[in-house]
Amino acid sequence: MPIAGKKIAATMQNGVVENGVCSSASVNGCHDVWSSNESDSSSADHLVVMVHGIMGSAADWKFGAEQFVKMLPDKIFVHCSERNGSRLTLDGVDVMGERLAEEVVELTQRKPNLRKISFIGHSVGGLVARYAIGKLYRPPKSENSEHSCPNGSEEDPRSTLCGLEPMNFITVATPHLGSRGNKQVPFLFGVPAFEKVASAVIHLIFRRTGRHLFLNDDDDGKPPLLKRMIEDYDECYFMSALRSFRRRVVYSNVGYDHIVGWRTSSIRRNSELPKWEDTVDEKYPHIVYEEHCKAYDAEQCEPTSVENDGSDKLEVELLTGLSRVCWEKVDVSFHCSRHRFAAHSVIQVKDQSVHIEGEDVIRHMIDRFLK
């Protein structure tokens with residue numbers, strides 16, 4: 001049998017082919033998606049790593065992964081991570097980030113043809129991805145000659161992630177500024193008493209991950225993890241890694257997301273939240289505002305006093321730190337949707353049969369992915 005025929009036969013045996021897309025699940029639960037066309041899949045050199053949220057699984061990104069491959073069949077190979085599936089998402093952002101980094105290293109070793117890498121994270125998955133890239137980042141060889149590329153490539157004068165060129169870093173409804181108080185968790189209704197109680201007991205429900213999200217972790221006297229992640233800390237190049245991507249994009253729900261508030265997911269102060277109106281774009285009916293934010297200059301990055309609009313000192317520090325790089329900010333509204341109260345899942349199309357109204361958000365990501 002010709003080599004191409006053997007590959008197709010192996011694909012049929014180990015994966016599922018449907019509508020031009022091949023997918024397979026590994027023994028550890030991760031989900032890979034690629035084009036079923038042999039010539040397309042062999043030329044795809046761009047790894048897209050999709051990361052689910054708390055108590056989630058690789059299946060949460062099934063619809064998104066398949067749409068990406070259908071639209072960009074000869075460009076990308078999608079890997080939906082589940083090294084941190086289900087209750088493992090309670091182990092902490094750092095532990096999950098370590099696992100994700102190891103998962104990406106193992107994948108690049110198996111696929112030496114990869115040249116580029118992008119991340120797409122939903123909810124806490126965006127924070128896990130931010131931690132993982134800090135572990136995977138390799139400075140330019142002229143600055144650091146100790147690190148070698150896992151895929152065995154020659155020395156590269158550019159900074160890389162696991163030997164690959166960083167392209168897109170995209171988060172979807174991710175609490176970048178944490179979830180502590182200040183109306184950052186909408187289902188607490190902004191009631192200070194509720195927020196105070198939640199901060200005190202969150203670790204009983206979500207364990208270390210809850211402490212990280214509510215910024216009350218104190219590991220060996222260190223600052224809260226999310227604060228450490230706005231700089232290059234110890235051996236983790238958090239900000240250098242984030243800066244190395246060609247694009248950084250945040251998709252945020254402007255309302256009806258009862259898990260993650262608009263301010264924390266869009267990395268804004270209250271005073272910076274834009275006025276929005278119903279979209280007139282039929283192609284993306286739920287995209288209501290887009291903004292390209294430049295990186296803060298040195299003066300803007302100076303320590304800022306507590307604001308009068310609800311932000312506290314730590315939140316301002318996180319926002320200022322993350323604003324040292326430029327972001328594309330895309331605001332989404334499902335206020336007229338049947339399932340608007342599930343906006344946190346609809347924006348990801350977590351379940352195709354229920355959350356399909358968010359399909360235009362996925363299409364919006366894809367249409368701008370290679371620009």
Side-chain angles (χ1 to χ4, degrees), residues 50-57 59-68 89 120-127 170-191 194-195 198 205-206 213 249-270 272-291 310 327-368:
M50 293 185 167
V51 190
H52 59 75
I54 202 161
M55 298 302 292
S57 72
D60 296 352
W61 274 116
K62 181 178 186 298
F63 177 82
E66 292 177 351
Q67 296 308 303
F68 262 81
T89 58
I120 305 177
H122 176 250
S123 194
V124 76
L127 298 178
I170 301 173
T171 65
V172 183
T174 290
H176 288 287
L177 308 181
S179 304
R180 182 181 68 179
N182 309 315
K183 302 181 181 180
Q184 295 288 32
V185 182
F187 78 79
L188 296 176
F189 307 108
V191 178
F194 291 174
E195 295 178 339
I205 305 171
F206 294 115
L213 292 175
V249 191
V250 289
Y251 284 82
S252 310
N253 282 310
V254 303
Y256 291 103
D257 187 328
H258 298 292
I259 309 299
V260 177
W262 185 14
R263 196 169 77 243
T264 186
S265 60
S266 66
I267 316 178
R268 291 186 178 109
R269 299 175 172 85
N270 270 339
E272 295 173 334
L273 295 175
K275 302 292 185 181
W276 59 271
E277 299 178 356
D278 291 348
T279 182
V280 295
D281 191 333
E282 294 183 1
K283 188 175 183 180
Y284 314 114
H286 299 108
I287 304 296
V288 296
Y289 193 86
E290 295 184 62
E291 181 180 12
W327 292 90
E328 297 174 32
K329 299 182 179 182
V330 184
D331 299 302
V332 181
S333 175
F334 297 105
H335 68 288
C336 292
S337 303
R338 290 180 303 161
H339 300 286
R340 58 186 177 277
F341 292 103
H344 191 68
S345 297
V346 175
I347 195 173
Q348 179 195 21
V349 193
K350 184 175 182 178
D351 183 329
Q352 182 177 351
S353 63
V354 179
H355 305 135
I356 193 61
E357 288 176 291
E359 182 270 339
D360 63 307
V361 179
I362 302 297
R363 188 167 62 250
H364 187 275
M365 291 183 204
I366 298 171
D367 288 347
R368 285 149 178 76

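Counting from 1, the numbers follow the sequence of the chain as shown.
- Each of Val332, Leu273, Asp331 was checked for a side-chain contact (heavy atoms from CB on, under 4.5 Å) with Val254, and the lone residue meeting it is Asp331.
- Interatomic distance, His52 NE2 to Ile54 CD1, rounded to the nearest 0.5 Å: 10.5 Å.
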*side-chain contact (heavy atoms from CB on, under 4.5 Å) evaluation trace for Asp360 with Lys283*: CA-CA 7 Å; Asp360 63 307; Lys283 188 175 183 180; over 6 Å; no
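- Atom CG of Leu213 and atom CG of Leu127 lie 6.5 Å apart (nearest 0.5 Å).
- When all heavy atoms of Glu272 and Ile267 are compared, the closest pair comes out as OE1-O, 4.5 Å.
- You'll find the side chain of Val354 reaches within 4.5 Å of the side chain of His339, heavy atoms only.
- At a threshold of 4.5 Å between non-hydrogen side-chain atoms, the residues Val330 and Tyr289 do not count as touching.
- Asn253 places a side-chain N or O within 3.5 Å of a backbone atom of Ala343 that can act as its donor or acceptor partner.
- Within the 3.5 Å criterion, the main-chain N or O of His364 finds no donor-acceptor partner in the side chain of Asp367.
- The backbone N or O of Ser337 sits less than 3.5 Å from a side-chain atom of Arg340, completing a donor-acceptor pair.
- Of the possible donor and acceptor atoms, none in the side chain of Lys329 sits under 3.5 Å from a partner among the backbone N and O of Val250.
- Taking every heavy atom of both residues into account, Tyr284 and Arg363 meet most closely at CE2-C, 4.1 Å.
- Glu66 places no side-chain N or O within donor-acceptor distance of the main-chain N or O of Phe63, the cut-off being under 3.5 Å.
- Atom NZ of Lys62 and atom CD of Gln67 lie 9.5 Å apart (nearest 0.5 Å).
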*Worked check of side-chain contact (heavy atoms from CB on, under 4.5 Å) between Met365 and Phe68*: CA-CA 9 Å; Met365 291 183 204; Phe68 262 81; 4.0 Å; yes
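- We find the CG-CD1 distance between Asp257 and Ile347 to be 7.5 Å, quoted to the nearest 0.5 Å.
- The closest donor-acceptor contact from the side chain of Ser265 to the backbone of Pro175 lies at 3.5 Å or more, if one exists at all.
- Looking at Thr264, its side chain does come within 3.5 Å of a backbone N or O of Leu177 through a donor-acceptor pair.
- Taking all atoms of both residues into account, the shortest heavy-atom contact from Trp61 to Gly121 is CZ2-C, 4.3 Å.
- Taking the six-membered ring for Trp and thresholds of 30 and 60 degrees, His344 and His122 have ring planes inclined between 30 and 60 degrees apart.
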*Under the side-chain contact (heavy atoms from CB on, under 4.5 Å) criterion, do Val361 and Tyr251 qualify, and how do the steps go?*
CA-CA 9 Å; Val361 179; Tyr251 284 82; 3.7 Å; yes
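- Taking the six-membered ring where tryptophan is involved, the planes of His176 and Trp327 are tilted, since the angle between them lies from 30° to 60°.
- The minimum heavy-atom distance between Ile356 and Val349, with the atom names listed, is CA-CG1, 4.1 Å.
- Considering only residues two or more places apart in sequence or on other chains, His335 meets the ring-ring contact (aromatic ring centres under 6.0 Å, His included) condition with Trp276.
- Atom CD1 of Ile362 sits about 12.5 Å away from atom NE2 of His355, to the nearest 0.5 Å.
- Below 30°, between 30° and 60°, or above 60°: for Phe334 and His286 the angle between ring planes is between 30° and 60°, a tilted geometry.
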*Go through the steps to decide whether Glu290 and Glu328 satisfy the test side-chain contact (heavy atoms from CB on, under 4.5 Å), and finish with yes or no.*
CA-CA 7 Å; Glu290 295 184 62; Glu328 297 174 32; over 6 Å; no
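- Side chains of Pro274 and Arg268 form a contact here, defined as non-hydrogen atoms less than 4.5 Å apart.
- Interatomic distance, CD1 of Ile287 versus OG of Ser333, reported as 10.0 Å (0.5 Å rounding).
- A donor-acceptor pair under 3.5 Å links the side-chain atoms of Thr174 to the main chain of Ser123, judged by distance alone.
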